[in-house]
Protein chains: 2
Amino acid sequence: MDGRLRDDEVVVGGDARQRYYDSSGYGRPLEENRVALSRVEAAYLLFKGDMDSVVRDTPGSRPEADETRMGFREFLADAGDEIATRFLVYADLRDRGFYLSPAREGWVDAPRSNADFVVYPRGKGPWDDAVLYRVRVVGERADVPADELGDVVLAVVDEESEITYLETDRADLRGSSATDLPAGVPADLLDDRVLVWDPPEVLHHRGFYGQPLDDRDGDRDSALQLSLVEAAYLADDGVLSLGGGAETVRERGRAVEGERFDRRLRVYRALRERGVVPKTGFKFGSDFRTYADVESVEELGHSECLVRVLPADRVFSPRDLALDVRLAHGVRKRMIFALVGPNERITDWISVGRLTP
Amino acid sequence: MDGRLRDDEVVVGGDARQRYYDSSGYGRPLEENRVALSRVEAAYLLFKGDMDSVVRDTPGSRPEADETRMGFREFLADAGDEIATRFLVYADLRDRGFYLSPAREGWVDAPRSNADFVVYPRGKGPWDDAVLYRVRVVGERADVPADELGDVVLAVVDEESEITYLETDRADLRGSSATDLPAGVPADLLDDRVLVWDPPEVLHHRGFYGQPLDDRDGDRDSALQLSLVEAAYLADDGVLSLGGGAETVRERGRAVEGERFDRRLRVYRALRERGVVPKTGFKFGSDFRTYADVESVEELGHSECLVRVLPADRVFSPRDLALDVRLAHGVRKRMIFALVGPNERITDWISVGRLTP
């Protein structure tokens, strides 16, 4: 069977409606049992030998002329740069047993600009209402704006044409950690940390703030070292009393980290207010690791999430995303991106994880 | 016992030579059984209660005046920004049972500018010749130039004052992979990959070049997709024949990656010439993963290294280093940085790994 390429679609007649659409979920039905296939669908059918060739339907030319008859190789070269990566993802999902459609007007209801395909649950197709994934195809060198994530699966085609699926969702971090803290605890700013020489026990042992200076002995009287973020949060709330006040800590934070410090402090506060304890994620290359339910440091569980704080207009490189997600997966944590916009407003919490469709 | 702070050293008399140097490896001996301690050593002795106080030796002042007598807290605040992170690392290594000295003229032979401490093997001290580690102390926000690594242990103090040790070495990657390849195999450039429609079997199955387009069936006749780096290397060597030649592939590579493409191609070639097979490291967030001994793709072992290609003047952030090293450790691979200078000269191969002293 042959198709005819018109603009961006390949139109097939004969028993196409039954053969391609009804029984296998390809294309969208036209009048008179004809079907319109997207280029990617046509390429896959050619690749699988389920369509013989595509003829370019040029007005004024004789359609039966040999030079316009394209097999898979010619068709792919003809469409070329535009469909190569999408073809690979389409073929991979088809080979995994899914039906999927281009996320375009005419194919699906309410298409969104950030997706290329709509994937149906196994056993379902374009005639059903259910959608399993919205998939966006990107090459490994593409730019992926952070604010376009959250409801889409990224299918990243790497330079060797292997595909990595990254599921992105909106995340809602909540926990039950809460501690009543005293006020006016004296503290000193020292370089880029704050020292509490005579800390109330509750600060570290219940609230999991800071790190004892003399950690080895489990000494409860040890001086406590606080990070600048912890200290700025506690000083803002009146728990700490420092020369120069909370603003001195913020200024030091800005001096060593710039605006990033304000973004991190904003997210730190948001997490604490949600009952989640953030501690440094340095060993994992992120800003924070988080504990949802801290009763005391002696009974700490496994930290559940890694949080990276980013400006809301951040553009990801897929490789950096792959690195973060792979690491988080390896240490059994969820990877979360906290996006902070102008005026320190948190615009979104996005989780990104590996997906095997 | 009290010390006297003179310039940058704390001088202790009495039985100091026996008490601090001979029996415990602190300081450097002066005449008359006196010992000069660095500020960090003095801070640690004060912290441990092994020295009572330090008196500022100001010409013209009365040394016994109370306001010049400093305990640990006052001494640390006085030295402050300069020694805080170094104190933490010094204390950690002492607590682990090591003797160590400041890597300074007068303390050690041939001090190097890229190290802060010289650590002796357990049971050894400054009176021996053996050196276990040269340690450089950096805060997590410090800049670490790539070209200062390779013979030093980084002790990174994170914002919560925890320490991560990263061992850096020069790496020599060698393998036994080699394949005789045919010449003039036709190939097409398609977007940012190259397709070989009728590949000789040796190309993928023995040489591990490319990825079959139809991977699922183990189909040996499948077309082969090559990355731009693989294709540029093979075209340079005459194995591939493309319209426009090797230069067309390089140009496409530069168009999508800029100068990074040339650096990666340089390292790809170096690895192949050393008998090591590089494949994409995308899933690990790096440039390449490597296989030292490829006989055939059916008998592939575990890839041993992750290689990140960087310009030789790259300045690391310790957080990015921690991320790469943690990931590599989690997947049981060595993390290697290939540094490429001007004129595509590889200036160094640096391995970085976690260390527990």
Side-chain angles (χ1 to χ4, degrees), chain A residues 47 72-73 76-77 80-85 88 91-92 95 139-141 156-162 164 188 190-193 195 197 210-211 213-216 223 225-230 256-257 279-287 318-327 329-331, chain B residues 47 72-73 76-77 80-85 88 91-92 95 139-141 156-162 164 188 190-193 195 197 210-211 213-216 223 225-230 256-257 279-287 318-327 329-331:
Chain A
F47 178 62
F72 171 64
R73 180 172 166 179
L76 201 61
D81 292 7
E82 198 197 336
I83 74 163
T85 51
L88 291 169
D92 184 64
D95 289 348
E140 73 160 273
R141 301 169 181 109
V156 186
V157 181
D158 70 28
E159 62 175 330
E160 288 179 7
S161 306
E162 290 214 37
T164 302
D188 288 344
L190 186 73
D191 195 7
D192 56 359
R193 63 211 70 230
L195 279 162
W197 294 101
Q211 164 89 347
L213 185 56
D214 201 354
D215 201 21
R216 269 157 218 282
Q225 309 170 75
L226 299 169
S227 73
L228 291 175
V229 168
E230 290 175 320
V256 294
E257 284 188 358
K279 296 294 284 183
T280 178
F282 175 79
K283 282 178 201 286
F284 310 105
S286 70
D287 288 290
R319 197 162 65 132
D320 293 341
L321 269 182
L323 178 57
D324 274 339
V325 168
R326 178 84 190 205
L327 178 81
H329 182 86
V331 295
Chain B
F47 178 62
F72 172 63
R73 180 172 167 180
L76 202 61
D81 292 9
E82 197 197 336
I83 74 163
T85 50
L88 292 169
D92 184 64
D95 289 348
E140 73 160 272
R141 302 169 180 109
V156 186
V157 180
D158 70 28
E159 60 174 333
E160 289 178 5
S161 306
E162 291 214 36
T164 302
D188 287 344
L190 186 73
D191 194 7
D192 55 358
R193 64 210 69 231
L195 279 162
W197 294 101
Q211 164 89 349
L213 185 57
D214 202 353
D215 200 21
R216 269 153 219 287
Q225 310 169 74
L226 299 169
S227 73
L228 291 176
V229 167
E230 289 175 320
V256 295
E257 284 188 358
K279 296 294 284 184
T280 177
F282 175 79
K283 283 177 199 289
F284 309 105
S286 69
D287 288 291
R319 199 161 64 131
D320 293 342
L321 269 182
L323 178 57
D324 274 340
V325 169
R326 178 85 191 205
L327 178 82
H329 182 86
V331 295

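Excluded from the calculations below are hydrogen atoms, water molecules and symmetry mates; all remaining heavy atoms, backbone and side chain alike, are included. So you know, we letter chains A, B, ... as the sequences are listed, proteins then strands, and number each from 1.
The contact between A/Arg326 and chain B is made by backbone and side chain atoms together, counting heavy-atom distances below 4.5 Å. For chain A, the nearby part of B/Asp188 is the side chain; its heavy atoms alone come within less than 4.5 Å. Looking at B/Val331, the atoms closer than 4.5 Å to chain A (heavy atoms on both sides) all sit in the side chain, from C-beta outward. For chain B, the nearby parts of A/Arg73 are the backbone and the side chain; heavy atoms of each come within less than 4.5 Å.
Contacts with chain A were tallied for B/Gln225, B/Glu140, B/Glu160; B/Glu160 has the most, counting heavy-atom pairs under 4.5 Å. With chain B as partner, the option from A/Ser286, A/Gly139, A/Gly281, A/Gly285 having the largest number of non-hydrogen pairs under 4.5 angstrom is A/Gly285. Listed options A/Pro318, A/Ser227, A/Gly210 were ranked by heavy-atom pairs under 4.5 angstrom with chain B; first place goes to A/Ser227. When B/Asp158, B/Val325, B/Asp192, B/Asp320 are compared by the number of non-hydrogen pairs under 4.5 Å with chain A, B/Asp158 comes out ahead. Ranked by non-hydrogen atom pairs under 4.5 Å with chain A, the options B/Glu257, B/Lys283, B/Glu162, B/Arg141 are led by B/Arg141.
Closest of all the heavy-atom pairs between A/Leu327 and A/Phe284 is CD2-O, 2.9 Å. In terms of heavy atoms, B/Lys279 sits closest to B/Glu230 at NZ-OE2, 3.1 Å. Between B/Leu190 and A/Ala84 the shortest heavy-atom distance is CD2-CB, 4.3 Å.
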>> With side-chain contact (heavy atoms from CB on, under 4.5 Å) as the criterion, how do B/Leu76 and A/Leu195 come out once you've worked through the C-alpha distance, each side chain's angles and the decisive distance to 0.1 Å?
In response: CA-CA 11 Å; B/Leu76 202 61; A/Leu195 279 162; 4.2 Å; yes
> Can you list the steps and then say if B/Arg193 with A/Leu88 is a side-chain contact (heavy atoms from CB on, under 4.5 Å)?
Replying inline: CA-CA 12 Å; B/Arg193 64 210 69 231; A/Leu88 291 169; 3.6 Å; yes
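Looking at A/Asp287 and B/Arg319, a side-chain N of the basic residue comes within less than 4.0 Å of a carboxylate O on the acidic one, giving a salt bridge.
In this structure, A/Phe72 and A/Phe47 have tilted ring planes: the angle between them lies in the 30° to 60° band.
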